[in-house]
Student: 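Starting off with a structure, shown below.
Along the sequence shown, the residues carry numbers beginning at 1.
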Amino acid sequence: MRKFAALLIVVNIVHGDIKEDLIKRFPGHESEVSSIVDQLETKGLLADWEAALTNPNPALLVIDMQNDFITGSLAVPRAEEILQLVQEIIDDEIWGHVVLSQDWHPQNHISFFSNVESRSLDPEWLSKNPGNISVFDEVVFSGSPPYPQVLWPDHCVQGSEGAEFHKEIRIPSNYSLIRKGMNPERDSYSAFFDNSGNGDTGLGDLLIPDTTEVVVIGLATDYCVGSSALDSQRLGLPATLLTDASRGVAESSTSAMLDRVEQAGGRVSTWLQWNQSNWGRAKHIAETMMAGNFAVRMDSVTPLMLTVFFLQLMK
């Protein structure tokens, strides 16, 4: 009984110290910090949160900054406007990982309008959609299950100039490259998985062991950038999409994608806001943890972990 009482004293001391430290770290948010500390402790996640805040290791995902999406066959409106800011963000020393994704399609890729006649369309879809098929239409190909696909102009063909990164993007020496869309039968908007949700690019394996949050920028907001942010959040990697460092194909679909990201638990911000929002970032990590999704378990000693040590001593 005395051992148990001693343990409770240790737990209360540690809990109080952590709460006091975090309240001091985020002045003006005392009530929210206190509430989150209590909730995380109840779920056994307080040590993870404290470690993530003490040892932050954010990752930057730079999505598809390639010639074809900037000045080429599938140029995103106003894409050139973000080149300077994207480079500024890449050059910041805050990142634990800098990952560049690259659309890397074979010439016979299913997403190319030029290849639409090389595959069978779903008979049921075809019966409901008679008439000519045009570039940018969404069709449904035969399969089990049938496979919906937007038909794009040929773009980012493997080895082509259009697939190369734009000349104004200076790639750091310590970057990681993720190529996607290499399966001729599946498109891949997200840098994590193809559009079927099965084709794993390996990005999750790269980031999950030590990444505390993910920032996503690039092209295009309503497709590859947003899809990457959604998959990051779904995998338990708190994701923030920066609107000033990304551009979308269309205003309506961009707005819809930003709503989806926020509804999934991700954040929508700007580079300046993200840099200045220490509490917002900390809260986002905590909320992702409490949603049961947080992927990273920080391998570091925190005050709460000492409770176990004291318990062993009292045996």
Side-chain angles (χ1 to χ4, degrees), residues 7-8 10-61 94 96-97 190 192-193 197 203-205 207-216 226-242 257-269 273-308:
L7 175 61
L8 287 179
V10 170
V11 170
N12 287 331
I13 291 173
V14 171
H15 173 77
D17 287 347
I18 292 176
K19 180 181 286 190
E20 183 178 350
D21 175 68
L22 290 170
I23 287 174
K24 290 179 180 178
R25 193 182 303 186
F26 302 110
H29 302 282
E30 292 82 0
S31 178
E32 280 190 292
V33 173
S34 180
S35 174
I36 285 176
V37 166
D38 291 341
Q39 293 177 68
L40 288 171
E41 186 178 42
T42 299
K43 294 176 178 289
L45 294 169
L46 182 56
D48 289 325
W49 190 48
E50 187 196 22
L53 301 185
T54 303
N55 303 295
N57 194 48
L60 176 67
L61 301 189
I94 193 174
H97 295 281
S190 170
F192 289 90
F193 303 99
L203 180 55
D205 292 336
L207 298 183
I208 285 174
D210 62 356
T211 299
T212 52
E213 58 180 314
V214 172
V215 170
V216 191
S227 296
S228 298
L230 287 171
D231 276 344
S232 177
Q233 191 70 35
R234 181 173 61 84
L235 289 173
L237 295 166
T240 299
L241 190 160
L242 302 185
M257 177 59 81
L258 297 179
D259 287 343
R260 288 180 62 194
V261 169
E262 290 185 322
Q263 290 168 7
R267 296 182 73 206
V268 173
S269 186
Q273 290 170 347
W274 184 84
N275 261 317
Q276 296 179 346
S277 63
N278 288 338
W279 169 242
R281 290 165 56 190
K283 183 180 178 183
H284 184 208
I285 293 171
E287 289 172 342
T288 302
M289 288 180 168
M290 289 188 288
N293 295 329
F294 195 64
V296 183
R297 292 295 178 262
M298 305 301 294
D299 187 18
S300 58
V301 177
T302 66
L304 190 60
M305 295 177 186
L306 295 178
T307 302
V308 176

Student: Can D21 and K24 be counted as an ion pair, charged N to O under 4.0 angstrom?
Tutor: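 No, D21 and K24 are not salt-bridged.
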
Student: Between S277 and W274 (side chain of the first, backbone of the second, donor and acceptor by atom type, cut-off under 3.5 Å), is there such a pair?
Tutor: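 Indeed, once roles are kept as given, a pair shorter than 3.5 Å links the two residues.
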
Student: Return the CG to CZ distance between L258 and R267, rounded to the nearest 0.5 Å.
Tutor: 14.0 Å

Student: Indicate the atoms forming the closest heavy-atom contact of K19 with S34, along with that distance.
Tutor: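 Of all heavy-atom pairs spanning K19 and S34, the closest is NZ-OG, 3.3 Å.
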
Student: If you measure from NZ on K43 to CE on M289, what distance do you get to the nearest 0.5 Å?
Tutor: 12.5 Å

Student: Which distance, rounded to the nearest 0.5 Å, do you find between the CD of E287 and the CG of L40?
Tutor: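 Rounded to the nearest 0.5 Å, the CD-CG separation comes out at 10.0 Å.
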
Student: Quick check for you: to the nearest 0.5 Å, what is the distance between L61 atom CG and F192 atom CZ?
Tutor: 5.5 Å

Student: Specify the closest pair of heavy atoms between L230 and V261, including all atoms of both residues, with the distance to one decimal.
Tutor: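 Smallest heavy-atom distance, with atoms named: CD2-CA, 3.8 Å.
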
Student: With distance as the sole test, does N57 use its side chain to make a donor-acceptor pair with the main-chain N or O of D210 at under 3.5 Å?
Tutor: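 Such a contact is found between N57 side chain and D210 backbone.
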
Student: CG of L46 to CD1 of I36: how many Å apart, nearest 0.5 Å?
Tutor: 11.0 Å

Student: Minimum heavy-atom separation for T212 to P58, with atom names?
Tutor: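 Smallest heavy-atom distance, with atoms named: OG1-N, 3.7 Å.
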
Student: So does S31 get a backbone contact from the side chain of S35, meaning a donor-acceptor N/O pair under 3.5 Å?
Tutor: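 Such a contact is absent between S35 side chain and S31 backbone.
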
Student: Using a cut-off of 6.0 Å, state whether more than 12 heavy atoms not belonging to R260 lie near its atom CZ.
Tutor: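 Counting other residues, nucleotides and ligands, CZ of R260 stays at 12 neighbours or fewer.
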
Student: Does any N or O in the side chain of Q233 come within less than 3.5 Å of the main-chain N or O of A239, such that one atom is a donor and the other an acceptor?
Tutor: yes

Student: How many angstroms lie between NE2 in H97 and CG in L207, if you round to the nearest 0.5 Å?
Tutor: 5.5 Å

Student: Mind listing the closest non-hydrogen atom pair of R234 and D231 along with its distance?
Tutor: NH2-OD1, 3.1 Å

Student: How close do T42 and D38 get, counting heavy atoms only, and between which atoms?
Tutor: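 Of all heavy-atom pairs spanning T42 and D38, the closest is OG1-O, 2.9 Å.
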
Student: Fit a plane to each ring of F26 and W49, take the angle between them on a 0 to 90° scale, and name the class: parallel (under 30°), tilted (30 to 60°) or perpendicular (over 60°).
Tutor: parallel

Student: Under 3.5 Å, side chain of S232 to main-chain N/O of L237, donor-acceptor pair present?
Tutor: yes

Student: Given the rule in the side chain to side chain contact (heavy atoms under 4.5 Å, CB included) test, do N278 and R281 qualify, once you have shown the distances and angles that lead to the verdict?
Tutor: CA-CA 5 Å; N278 288 338; R281 290 165 56 190; 4.0 Å; yes

Student: What closest approach, in Å, do L45 and M290 show between heavy atoms, and which atom pair accounts for it?
Tutor: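 Heavy atoms only, the tightest pair is CD1-N, 4.4 Å.
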
